[in-house]
*Asks:* 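This structure is in structure tokens; I'll ask about it shortly.
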Amino acid sequence: MDTNYIRRRYLIAWISDAIKPRRDIVMFWQLFTSGMALGCVYALIALGFVLIYKATEVINFAQGEFMMVGAFVAFSLIHFAHVPFWITVVLTLLIMAAFGVLLDRLVMRFLVGEPAFSLVMFTIGLALFLRSVAGMIWSTDTFAFPSPVSGEAIQLGSVAIAPGDMLVVGATALLVLLLYLFFRFTNLGIALQATSQNQFAAYLMGINVEGMFSVVWALSAMVAAVAGILLAPTLFLHKDMGFIGLKAFPAAVLGGFGSIPGAIVGGLIIGISENLAGGFLLPWVKDIFAYLVLIAVLIVRPEGLFGIHEKKKV
Amino acid sequence: MPLLEVTELSKKFGGVHALTMVNLQVEKGEVHALIGPNGAGKTTLFNCISGFYRPERGSAVFKGRDITRTAPHKIPRLGIARTFQNLELFRNATVLDNIMLGRYMHKRASFFSEALFLSKAKNQEVEARRRVEEVIDFLDLQPYRDRVIAQLPFGTQKCVELARALALDPELILLDEPAAGLNSEETRDLCFWIEDIKEDLEITVLLVEHNMRVVNEVADRVTALDFGAVIAHGTPEEVQQHPDVIQAYLGEDDGAAASA
Amino acid sequence: MKFKLKKSYMEDLKLFEYKSDMVGYGVLLVFLFIFPSWAGNYWTYNLTLAGIYCIAALGLNILTGYTGMISLGHAAFFAIGAYTVGYMTTILGHSFWIALPLAGFAAAFVGLSLVLPALRLSGIYLAIVTMGFGFIIDQVILEWPEVTGGANGLLINRPTLGPLSLNSDASYYYVVLVMVILFVLLTKNIVRTSMGRAFVAVRDSEVAAQSMGIPLAKVKTQAFTISGFYAGIAGGLFAPLINFIGPDNFTIIESINLIVMIIVGGLASIHGSIFGAIFITLLSEFIRVGKDALPAFLSQQVGFQGAVYGLIIMLFILFEPMGIYGRYLKIKYLFQVFPLYRKDTFRRERKFQKAQRTR
Ligand SMILES: Nc1ncnc2c1ncn2[C@@H]1O[C@H](COP(=O)(O)OP(=O)(O)O)[C@@H](O)[C@H]1O
Ligand SMILES: [Mg+2]
């Protein structure tokens, strides 16, 4: 009786709280901008999924771990070898590209044509492996990653924006622009697109399809490294940070799991909406909000927001 | 009243008019062939009849019942079985299991009866197996009973698909290019089977076929489609001599010659 | 080569095809029955745990192996079963024997809620949604302390059976053993009747399944609820075994664990589910034994177990996608046909997925 009463009061209070129109505009924008930064990281990881999936049909559950490895590589360069930040970025990208190529050459190549389920499980195994090995190399401690930018939060009206967040958004925008130019105007980018659309036709056109697979693994490992370098200073550096990659899945699926702009928009939607939900609804909803949104969207539109429904022809 | 009557059926895919105002009548007990160049809309017509596509307009009436908007899994229960142009088999199951699935819709035992394997489920299994063995005997599939589909040659796979459709005990069977990809010996067997399906099993057959020999051999009546519209129907001879039909096939050859 | 002349269709429906099988299983049963008397508490406990995972793995194999629907959130069903028993016995004070079936039904019922997305989604989309479902249930466990104990978890006592206390590991072992046998028989019945064939049909070709009169929605719903029921019962048995449950017991790692069991054991196979469950449950024991053989700088690492685990998943998929049971069958076959074995006998069929797409 007693507990029931309390529970009901609690529920009523919660509902009225949730539906009460919020006049807290400042809080809204605050959450919005920080959500955008987080969303950019999701977007970059989702981008990595999409790149690999479109070209090789592998759903890479280890994308978050790629990000973690990238961040640790950069951290080691800065912290132990005292390499300047911008050179570190370049070196990290190169190392991760080599990592991607090696992974493709040594293992992924032998899995071409396996059922999707096997591929998923393989990358899950890879994720566990990378995470454990990272724990062996860099221990299970949490590290502080030095931020390339510092200083006061920037005041936009009454909304304060952390410079780190600004950097994340700016760097993501730049990276997306570069990728766009790459896919649009370079021969390699166009060959990659062709491979993604139709492997067989691309092969007939004389494109080295296997080589393209390596390029794509390298590319998405590099994108993951960028995400890691951006995320680590604002969040933390830990062997388990790759778990955040699991939240990028809803982003990629929302975007249709096959479209690069879709992945970006999906990432932003997830990042912003979960931040708002955490702030305005219940704090604990934040962690699962991405999935609630995803399930709701997929029930209404099984192909995602931007996907094209592919129905099998008989 | 015809067994199956298709009236003014139309189906579009984006800008492609796959079917336009198609009329078709299949009489009980006949073998009816559907011919036409590639892309004429024959498979689309099958898909509309078997519930996989919703036509924009028109209707398909089977035994006096409108089946145009019936879900695909309800179609076989009404007595229509079909095969597919690009084999749709359960590739990782044995031939026996594939054909046993043809008996699925005849099952009577409840979930609990099956879960506990009570005598009702047991008898149902034996009964299904008996019927399946009849079909296996009919199509000479005995040597392949326990083989997994993926290991079988193409001709045998097609045969299994036919067997699976027959195991449904349908009144009307739709065969989509049953002879495509078969060698001449297999094709001859197929012709005999179609005869037997009609004569002994008393199942009405509607088939899509490119091989004119097969059509002449087995079909009682023929309907020709081109660009989604019926251009001729009648006996095999009548249809083959129809100027539009000759034009449709020649046109295709011309096109092929021109592009080559 | 073994051969048997079959004279009636009933003979194909028998549980044991050969007399020798029956003897083999009989011996196994006797072995399992006397196991606690000589193996000691530690191994009895571990085998009980493996038995519980057998039930969950059988259920997951029905869903994933037979019906082809990937669930990366199966620990959620397991959790629902465990917490149903925990709530009913510890907080409400009901008997375990009432709580256990309810645990199964509760999980099956929640499984129904996943059917709505499951009917419309396939493959990877479903995998991601089920993964999300796992996260959501995990969060609910944390945020609903009145029922679940929240982060503090719940204490659960071993049940009693009439006057009998099942407090000892050996006595609880027998409870689980009986349940495992029942569930193996149930699974066998499911896969050898029309229901199991319909699952396989839906997995291999939805289009053809429909043209056989199989209602996709109904069959997928069945698979999800049956699978949820198994996991719920397994969870319900799990809670009293380990005495204490908290949110940490049911994370995504646990879901992956379950999937790995059926992959390592063998998809769409009863034997495979059992082999896999035993192998993975006892893996940490094996690793502990194997550790001593390795140099200390490797084996003393914290992440060693995780790394081995990840490696095992990758190696199985690369080299033995049919799992332990597949390997067992191959070796058996090799002996049966001894001089005639060809390298291609078990060649894998590969599909180039792009070609299967419409666009
Ligand atoms: N699912 C579909 N989506 C888009 N177009 C389709 C689809 N199915 C058939 N078509 C189009 O409809 C036309 C008729 O195809 P089809 O019925 O397969 O021809 P046929 O079987 O006579 O060779 C073709 O132009 C084909 O491209
Ligand atoms: Mg066709």
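Each chain gets a letter, A, B and so on, in the order its sequence line appears, and its residues count up from 1. Values in this document were obtained by computation on a predicted structure and should not be read as measured data.
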*Asks:* If you count heavy-atom pairs under 4.5 Å with chain A, which of Ile312(C), Ile256(C), Ile259(C) comes out on top?
*Replies:*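 Top option by heavy-atom pairs under 4.5 Å: Ile259(C).
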*Asks:* Look up atom CG in Leu315(C) and atom CZ in Phe129(A), then write down how far apart they are to the nearest 0.5 Å.
*Replies:*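 Separation between the atoms: 9.0 Å.
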*Asks:* Tell me which of these, Val253(A), Ile59(A), Ile295(A), has more heavy-atom pairs under 4.5 Å with chain C than the rest.
*Replies:*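 Most pairs with chain C among the choices: Ile59(A).
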*Asks:* First locate atom CE of Met314(C), then atom CG of Leu126(A), and finally report the distance between them rounded to the nearest 0.5 Å.
*Replies:*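 So the CE of Met314(C) and the CG of Leu126(A) are separated by 5.0 Å.
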*Asks:* Counting heavy-atom pairs under 4.5 Å with chain A, which one of Val308(C), Val260(C), Ile128(C) comes out on top?
*Replies:*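 Of the candidates given, the most pairs with chain A belong to Ile128(C).
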*Asks:* With a 4.5 angstrom heavy-atom cut-off, is it the side chain or the backbone of Val300(A) that approaches chain C, or both, or neither?
*Replies:*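 Interface part for Val300(A): backbone (N, CA, C, O).
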*Asks:* With heavy-atom distances below 4.5 Å as the criterion, would you say the side chains of Val133(A) and Phe304(C) are in contact?
*Replies:*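 Side-chain contact under 4.5 Å: no.
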*Asks:* Does any heavy atom of chain C fall under 4.5 Å from the side chain of Leu130(A), the backbone, both, or neither of them?
*Replies:*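 For Leu130(A), there is no contact with chain C at all, as no heavy atom is under 4.5 Å.
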*Asks:* In terms of heavy-atom pairs under 4.5 Å, which option from Ile124(A), Leu294(A), Leu246(A) contacts chain C the most?
*Replies:*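 The candidate making the most pairs under 4.5 Å is Leu246(A).
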*Asks:* With a 4.5 angstrom heavy-atom cut-off, could you sort out which part of Leu119(C) is near chain A: side chain, backbone, both or neither?
*Replies:*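 Looking at Leu119(C), nothing touches chain A.
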*Asks:* How long is the span from the OH atom in Tyr291(A) to the OG1 atom in Thr130(C), to the nearest 0.5 Å?
*Replies:*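 Tyr291(A) atom OH to Thr130(C) atom OG1 measures 9.5 Å (nearest 0.5 Å).
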*Asks:* Report which part of Ile299(A) has an atom under 4.5 Å of a heavy atom belonging to chain C: side chain, backbone, both, or neither.
*Replies:*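 Both parts, backbone and side chain.
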*Asks:* Looking at CD1 of Ile253(C) and CZ of Arg131(A), how far apart are the two atoms once the value is rounded to the nearest 0.5 Å?
*Replies:*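 Ile253(C) CD1 to Arg131(A) CZ: 5.0 Å, rounded to 0.5 Å.
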*Asks:* I'd like to verify something: which residue of Phe135(C), Phe133(C), Tyr309(C) has the highest number of heavy-atom pairs under 4.5 Å with chain A?
*Replies:*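 Counting heavy-atom pairs under 4.5 Å, the top option is Phe135(C).
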*Asks:* Starting at CD of Gln139(C), measure out to CG of Leu282(A) and round the result to the nearest 0.5 Å.
*Replies:*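 Here the interatomic distance stands at 10.5 Å.
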*Asks:* Let me confirm one number: the CG-CE distance from Leu72(C) to Met121(A), rounded to the nearest 0.5 Å.
*Replies:*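 Between Leu72(C) CG and Met121(A) CE, I get 7.0 Å after rounding to 0.5 Å.
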*Asks:* Any chance CZ of Phe279(C) has more than 12 other-residue heavy atoms, nucleotides or ligands included, within less than 6.0 Å?
*Replies:*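 It does: Phe279(C) CZ has more than 12 such atoms within range.
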*Asks:* Do Phe122(A) and Ile313(C) have side chains that get closer than 4.5 Å, going by heavy atoms?
*Replies:*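 The answer is no; the side chains never approach within 4.5 Å.
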*Asks:* Counting only heavy atoms not in Phe143(A), do more than 12 fall under 6.0 Å of its CZ?
*Replies:*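 Counting neighbours around CZ of Phe143(A), more than 12 heavy atoms of other residues, nucleotides or ligands fall under 6.0 Å, so yes.
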*Asks:* What residue in Asp138(C), Ile136(C), Leu142(C), Val129(C) has the most heavy-atom pairs under 4.5 Å with chain A?
*Replies:*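 The answer is Ile136(C).
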